[in-house]
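Each remark here refers to the structure printed beneath this line.
Please read all numbers here as calculations on a predicted model, not as lab measurements.
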Amino acid sequence: MGFFLETLFGGLMAGMLYSLVALGFVLIFKASGVFNFAQGAMVLFAALAMARFSEWVPHWLGLQSKFLANTIAFALAAACMFVLAWAVERLVLRHLVNQEGVTLLMATLGITYFLDGLGQTLFGSDIYPIDVGMPKDPLLLFENTFPGGIMVNQEDLIATVVAALLVSLLSLFFQKTSTGRALRAVADDHQAAQSIGIPLARIWVIVWCVAGITALVAGVIWGSKLGVQFSLATVALRALPVIILGGLTSVPGAIIGGLIIGVGEKLSEVYLGPFVGGGIEIWFAYVLALVFLLFRPQGLFGEKIIDRV
Amino acid sequence: MFYRENGQFKTSYQADQQIFPVAQDRWAIVALLAFAFVGVPLLADEYLLRAILIPFLILALAALGVNILVGYCGQISMGSGAFMAVGAYMAYNCFVRIDGMPLLVALLAGGFFATLVGMVFGVPSLRVKGLYLAVATLAAQFFCDWAFLRIPWFTDNSPSGSVSVANLQVFGWPIATPLQKYLFCLALLALFALLAKNLVRGAIGREWMAIRDMDVAAAVIGIRPMYAKLSAFAVSSFIIGVAGALWAFVHLGSWEPAAFSVERSFQLLFMVIIGGLGSVMGSFFGAAFIVVLPIFLSRFLPVLGALFGAEVSTALLSHTESMVFGVLIVWFLIVEPHGLAKLWSIGRQKMRLWPFPH
Amino acid sequence: QQTKEQYLPALVYRTGPYAPNGIPWANGYADYMKLTNARGGINGVKVLVEECETAYATDRGVECYERLKGKNGGATLIQPLATGITFALTEKAPIDKIPLLTVGYGRSESQDGGVFKWNFPIGGTYWVAADVLLQQIGKKEGGLDKLKGKKITLVYLDSPYGKEPIPLLTERAAMLGFQFNALPVTAPGVEQKSTWLQIRQQRPDYVLLWGYGIMNSTSLKEAQATGYPREKMYGAWWSGAEPDVKDVGMGAKGYNAAAMQHGAEPGSAVVKEILDKIHANGQGTGPKEEVGQVMYMRGVVSAMYAVEAVRAAQERFGKGKVITSEQARWGLENLNLTQAKLDALGFKGVLKPVSTSCFDHMGGNWARIHTWDGSKWQFSSDWLQADEQILKPLVKSVADKYAAEKKITRRSAADCQS
Amino acid sequence: MSKKKIGEVILDVRNISLRFGGVNALTDISFNVREHEIRAIIGPNGAGKSSMLNCINGVYTPSEGSITFRGQTFSHMNSRQVAEMGVARTFQNLALFKGMSVIDNLMAGRNLKIKSNLFLQALRIGPAAREEVQHRAFVERIIDFLEIQAYRKTPVGQLPYGLQKRVDLGRALAMEPQVLLLDEPMAGMNVEEKQDMCRFILDVNDEFGTTIVLIEHDMGVVMDISDRVVVLDYGKKIGDGTPDEVRNNEEVIRAYLGTGH
Amino acid sequence: MDSKNIVLNVNGIEVIYNHVILVLKGVSLSVPEGGIVALLGGNGAGKTTTLRAISNLLQGERGEVTKGAITLRGERIDNLTPAELVQRGVVQVMEGRHCFAHLTIEENLLTGAYTRKNKGEIAANLDKVYTYFPRLKTRRHSQAAYTSGGEQQMCAIGRALMTQPSVVLLDEPSMGLAPQIVEEVFHIVKDLNEKEKVTFLLAEQNTHMALQYADYGYIMESGRVVMDGPAADLANNEDVKEFYLGMGGSERKSFKDVKSYRRRKRWLA
Ligand SMILES: Nc1ncnc2c1ncn2[C@@H]1O[C@H](COP(=O)(O)OP(=O)(O)OP(=O)(O)O)[C@@H](O)[C@H]1O
Ligand SMILES: Nc1ncnc2c1ncn2[C@@H]1O[C@H](COP(=O)(O)OP(=O)(O)OP(=O)(O)O)[C@@H](O)[C@H]1O
Ligand SMILES: [Mg+2]
Ligand SMILES: [Mg+2]
């Protein structure tokens, strides 16, 4: 029982981290209809920037305070993400107004390649630590209820809180503000949005910037757990089942989807894995998402797919 | 001026329904084929054959298969790598488990099993659409990755999970030297391209495209979505499966599941999008772009660097390559979102009007 | 001038998921080649090195191989530097007659030169690594027989590389009576939560780590997060270099790994020489601080074997001549690096003697264990030798199976003379 | 009115109701269509006209009621079956296959009639090739008839709206239908083009005896060419009869026509 | 027309799609302040293209203006974004509705007010649209995709009105609308024109209606303006009568009796 709970918690926390990455996908998709393949690369790029700046800043400025250094590094990394958002709009999206989904998807792929190259050129290909002072050692709860207690990572707990905060903020933004509404309009029809005076350029910079910051937050949390390296981009693949399960267009869906996938993944690996040789969690997550899709083709909370004649 | 079809009148629908209705095109294609079968063997060195042409041919074949599903039937799939893997491993099993199994039959058997798997994973497409389906097909990818790594039967109990084949021959001719391999792949590709072209310009092709463009209207004119989608999955995964078997048998010789990882799936998808969705020719352009360009860049950039007197390190080189590649993808999309094939046809249209601007 | 150079290309990866490990290796390889030239070449023949980036991907590796093999009068030998690429090239090398130098990686059974004429896993295979690790664990427990009833879990990267030690470990488990368990980690290994949850549940006595790249540091971090003692963790020699532990820092303290004969050797003569002759002139390939670290040293050692093979070939086919790849194979097959020779080359204390033969393409089965103290690797064991009693039959049976599949006949003694 | 021989009831819609969540798109609608007649459905926007057609060819499933076609009664229709029974339709919002050429769009309309299997098609030999030519010949006749020869090979997505409407009609005609359902075929056309369209419709009706169900907002057209008219309003039937009867129906005037007509 | 109060001037523009398809071959027209100008012509004449060129929406269709100039109150607007044009009061109602499918009718209308910041004004505009189109009010909480064709058309027009425009480019506003509503739409146009001095450029197939409400008309064929003049003159032109109003002589011809024979348009030499 204790172990089951532990696995469950582990799954929930892992799921929360996926959610953070998934959130970036959802934001951009919801607000511009672009399936942003580059989200993984953005997480990596942001995390790399953060890791290296937090290393360089004390060096440049002769700072002692770790906290100050991290804050400045975060600001600089955020600035990088803003520049990126601006460049993406200027150089890519602007020229692809009103094109089909696959074309845009492909363009974000180009961006992925570019970021992979650029990130490693600027920041290097090594493994870099991000140390924002997250506690690494496990916390044992209920030691007297269960033998050995239930182990929880403090790091994960913090990540969960951050993710939950971010999500609530973003949901509010989408539902309550007129910009939020405009974003959804753009996703439906670029041209019509243009025709009534929604400035696509600004909208896209905003969205990519917000997605960039989300990527940065995700990157910092993942990075401080795992260290920052090229492979971080592959967490994007872990986030994909999350978004289709939750629905491509739903911010809360990203969270719920993340939790379901996280738990499903860990429980399956721990309880079913040993019977079939292990290593099943990744496909299990996808199959789980697929099963949900068979019942709700738009994901749990996604907007209904409209086909009408 | 020279590229005009005026004066070429068709007197039968048969003539008008040819693959290349314009005479100049027909000649060009004959010349191209002749060059590919005769000229290339005379001119190409081993490196060109082994490192560029053979991979190009095989991936073009796979891209052709992907294009049928994605470009013609509109079902975005990110699981093509898995179907390649099924083709490769099942062909391998047929080849090594059954004595005296002819290579060609083994390859086709690989394709056959890929068809089965493709159809199974195609079933969700009846309900799930668009990007949701795309992500769902990744389930196929990861499941197959896992199965070939974990289930020893598929790898003939090889402890490392890596398998290999040797002594390939077709009708008694060995397929050993690069040239033989090249010709073998070329012949298969030409054959499959012809068959695929026939399909896509025939009734079934129209069904696929109808489903892609407007599925409700398609149903109303009597097209069964299930039949159309599943047949697209079947045909496409058959071709991809054969390509996978070729990739394993002819190109790699020895392989592990990583050869058909999710990156391969993405790569194939990029090929068809860059090349042009819904165009047989586009598959070739796309494959050429994705296979040849990085190789070209990796050879060309150092030369360029040297020109400016800068010694480019391997890492910087490879990062630059990746950046340039990314930029080129975006650039091509901006110039022509419908892919290289569309660019090509616009070029032809311009040629037709030349020297008048419009 | 051109023809006077010995062309020794290398496939490397300075980008991609495994770059942190690939870069120092490539730096070491390049630096040693520079040193060789600074020393005046191989009997006057300068070496020419060229890198080709594979990003650890098999298809790119194959392309690199095809590109480099014919250049500059033909590649003398090829270093694939990835187990996957080695598997693919094993099929191609015999046709092109180019030897593959796979120092510490590749197919373990390719030690058998009778079947694998062109593969040279000089200095150690994964089976050696696995065996040595078990011996060390046995020592800790007070004898191999004490392993009976113990639980040993292998955490491995789910790839041919990660699976390589399994046959040997299974064999050993049956022999010694410990309970062997294997947990795969899907590449690239950034998500290991469930693996470590399982370890926490099973509470094995020891964990063997067969990861690469970021998987290693992730494992160590997860071990810390689940409270598994790092002292009980033993890594392969591809899991025991600075990039694997650096950013875990104190969190990895106590973690052990096999050292492939060499470990981090900042004090060795060859390192000093490289620093003096190459880095001091500003010609070093990587950062100075990393010279002498584990992966760097592996690059150096690999380069040294290549150079010495050429030298050995020259002994037979003509001193001061540029040799062909077939001659190089002979050289690789007839390496005889005695301690004296090694010491002279600056490898004193770094390597034990290595001597290959036509049928033994490995040439040495020694290794040591080193332990991370929070800031650097330190040897924590004596020299250990893998148990030939176990290795030999395993190598032979697997190699025979391969030969049967490929319809290869074992080389005769006469063939060995060529 | 000429020598047209209007026949038996071919399509009989009985007590159809259709609901979407809270919206009652159709409430208890009954009407019938006789063979060879031109039957118009009119009504204000959102009255449920298109939904009615969607029920008939199986795109929507009515929540109540039945549809009888040639004596067979169905509680809901299956698109494929409807097509096989010879019902074709056009769409209000142009549901053409945008990426395909005009010819391919029309050929797709003939797919039901193609018999050769996948393998024959791949090889394109014998029957498959012959069939292809046969159907092509038929399609060319439609192209001639609709006067869209010049656009044969243009992807329909690039055609101007009016021509797309014509292609849509062509695709339906390619099915050689017995009943043709037309949803606002003349929207977005000028008078000249409407005249053309009317001529096509009348010709089809005359020459092939095709029964036609027509939704249209241009009262001139409806009154001129239809034999009987159904009027819907907010999902309810408010009138049914000859054009003259409908024109003078108080309720229809109030709800739809206004005083101008 | 008096050149001083010309609000919109199009001067000899050429438009090419996809780099190869030349669609407009030198179109010139001008719209006076406070006028209603109709743009007439058959299918594929290039009306939509002209409007897109003005509102700068060609890019998304891969078209570009290669020659000529477009000015708004004397200012070149070729390089403005559509959003900037809306800021200057020019809004287009696109052909084929283009409602935001996933948004409700009300949300659709409110996005139209994106450029307006004054809350009271927005609310007032919304009310105005609802009084113009009561049908929208009853459907205001349903997603646009699930409304009928005509409802979507109303929504598109209403959405454009929410931007508080001074120049409206209307592309086939009457398409798919019931006769009553068509009448209403034209009333609204007239209303806005008279009360709020909104200028209209109207591409229409319903020539009858258009000429009835417009002050001035242009007739396009195959990418060229072939005829223009005050609306009343056009309505009395024999050719226009025959081809665009469906009248042989002075009677309206029955659709039933049209012959397949067609007279050739005189201007298409
Ligand atoms: N995106 C496009 N790509 C290529 N050609 C186009 C495109 N859009 C329009 N055309 C072509 O431009 C010409 C003019 O089209 P346009 O839509 O402007 O006509 P229109 O007068 O608005 O016709 P309608 O009354 O049918 O709407 C047509 O021949 C059409 O084929
Ligand atoms: N799939 C659907 N989901 C929800 N509501 C629908 C759906 N289809 C139609 N409706 C609603 O049913 C009503 C009737 O729609 P329908 O399209 O049949 O109208 P119509 O008579 O064709 O109008 P128009 O002349 O404007 O085309 C409308 O109010 C519409 O919003
Ligand atoms: Mg309708
Ligand atoms: Mg138009």
> If you count heavy-atom pairs under 4.5 Å between each of Cys99(E), Pro82(E), Pro165(E) and chain A, which one has the most?
Replying inline: Pro82(E)
> Which heavy atom of Val186(A) sits nearest a heavy atom of His190(A), and at what distance?
Replying inline: O-CD2, 3.1 Å
>> Are Leu161(E) and Leu192(E) packed together at the side-chain level, in the sense that at least one heavy-atom pair is separated by less than 4.5 angstrom?
In response: yes
>> Tell me the closest heavy-atom pair linking Ala236(A) and Val21(A), and the distance in Å.
In response: CA-CG1, 4.3 Å
> Is it the backbone or the side chain of Glu84(E) that comes under 4.5 Å from a heavy atom of chain A, or both, or neither?
Replying inline: neither
> Could you go step by step and tell me if Tyr18(A) and Glu265(A) meet the side chain to side chain donor-acceptor pair (under 3.5 Å) rule?
Replying inline: CA-CA 12 Å; Tyr18(A) 298 157; Glu265(A) 221 178 64; 2.7 Å; yes
> Relative to chain A, which segment of Gln87(E) carries a heavy atom at a distance below 4.5 Å: side chain, backbone, both, or neither?
Replying inline: neither
> Looking just at side-chain N and O atoms, do Thr103(A) and Glu100(A) make a donor-acceptor pair shorter than 3.5 Å?
Replying inline: no
> Which answer fits Gln194(A), side chain, backbone, both or neither, if we ask what part of it has an atom under 4.5 Å from a heavy atom of chain E?
Replying inline: both
>> Please classify the contact of Ile203(A) with chain E as side chain, backbone, both or neither, using a heavy-atom distance under 4.5 Å.
In response: side chain
> So, for Gly24(A) and Thr214(A), which heavy atoms are closest and what is the spacing to 0.1 Å?
Replying inline: N-CG2, 4.2 Å
>> Any salt bridge linking Arg181(A) with Glu107(E)? Criterion: basic side-chain nitrogen under 4.0 Å from a carboxylate oxygen.
In response: no
> Side chain, backbone, both or neither: which part of Ala187(A) has a non-hydrogen atom closer than 4.5 Å to chain E?
Replying inline: neither
>> Heavy-atom pairs under 4.5 Å with chain E: which of Thr249(A), Leu96(A), Ile198(A) has the most?
In response: Ile198(A)
> Taking NZ, NE, NH1 and NH2 as the nitrogens, is one of them in Arg88(E) or Glu75(E) under 4.0 Å from a carboxylate oxygen of the other?
Replying inline: yes
> Which region of Thr111(E), side chain (C-beta onward) or backbone (N, CA, C, O), has a non-hydrogen atom less than 4.5 Å from a non-hydrogen atom of chain A, or is it both or neither?
Replying inline: both
>> Which one wins on heavy-atom pair count under 4.5 Å against chain A: Gln143(E), Gln92(E), Arg62(E), His102(E)?
In response: His102(E)
>> Between Thr115(E) and chain A, with a heavy-atom cut-off of 4.5 Å, which part of the residue counts as in contact: side chain, backbone, both or neither?
In response: side chain
> With chain A, which of Asn56(E), Leu110(E), Thr81(E) has the greatest number of heavy-atom pairs at distances under 4.5 Å?
Replying inline: Leu110(E)
